[in-house]
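A quick write-up on the structure given underneath.
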Amino acid sequence: MKAGKLITGLVSGAAIGAAIGLLFAPKKGADTRKSITDTGDSYLKGAKGKISDLSDSLNQKVEAIKERSKAATSGNKVEEKFHDTKADIHDMRAS
């Protein structure tokens, strides 16, 4: 849910910035369009970086859960490990 809010915020910010730029910038049309394109590209690169970071974080959490599952099935405390893993998944969804 946080990633959705981030993307919504980035898109909203880009749209508002573009609108304000068009209204108040005394530049030629070509200059204004280039400025808007550059700003949009900058926001897009930032969003891609955030999404990549989020993806890496989720992959690490999934791998940790897999490792815990493997350790849990080989030990005597299978039920306890199951509940720990279930709690981790719940925490991951909440964040």
Side-chain angles (χ1 to χ4, degrees):
M1 290 172 83
K2 287 184 180 183
K5 289 181 182 180
L6 172 71
I7 292 171
T8 301
L10 288 173
V11 171
S12 298
I16 290 170
I20 290 172
L22 287 173
L23 294 174
F24 293 106
K27 297 180 186 177
K28 290 182 180 179
D31 293 339
T32 301
R33 286 188 296 276
K34 181 171 177 10
S35 176
I36 290 170
T37 301
D38 292 344
T39 302
D41 289 344
S42 173
Y43 283 123
L44 185 60
K45 286 178 185 176
K48 284 182 180 179
K50 296 285 184 183
I51 290 171
S52 176
D53 292 345
L54 178 65
S55 175
D56 291 343
S57 174
L58 289 176
N59 285 335
Q60 289 174 353
K61 288 179 181 181
V62 167
E63 289 301 319
I65 290 171
K66 284 181 183 178
E67 289 300 318
R68 283 186 180 177
S69 296
K70 287 179 185 178
T73 56
S74 65
N76 294 330
K77 300 180 182 181
V78 173
E79 187 172 328
E80 182 179 314
K81 295 289 185 177
F82 172 76
H83 290 295
D84 289 345
T85 304
K86 191 174 176 182
D88 287 342
I89 291 171
H90 178 71
D91 291 341
M92 186 172 64
R93 287 183 182 167
S95 62

dist E63:CD -> N59:CG (nearest 0.5 Å) comes out at 7.0 Å

dist I65:CD1 -> M92:CE (nearest 0.5 Å) comes out at 4.5 Å

d(D53 CG, K48 NZ) to nearest 0.5 Å is 14.0 Å

Within the side chain of T39, is there an N or O that forms a donor-acceptor pair under 3.5 Å with the backbone of S35? yes

Here the pair of heavy atoms bringing G13 nearest to Y43 is O-OH, 4.5 Å

Kindly work out whether a path of hydrophobic side-chain contacts (I/L/V/M/F/W/Y, heavy atoms less than 4.5 Å apart) joins L54 to I89.
yes

* Asked: Between D41 and K45, is a salt bridge (charged side-chain N to carboxylate O under 4.0 Å, His left out) present by the stated rule, with each step listed?
  -> CA-CA 6 Å; D41 289 344; K45 286 178 185 176; over 6 Å; no

d(D56 CG, I51 CD1) to nearest 0.5 Å is 12.0 Å

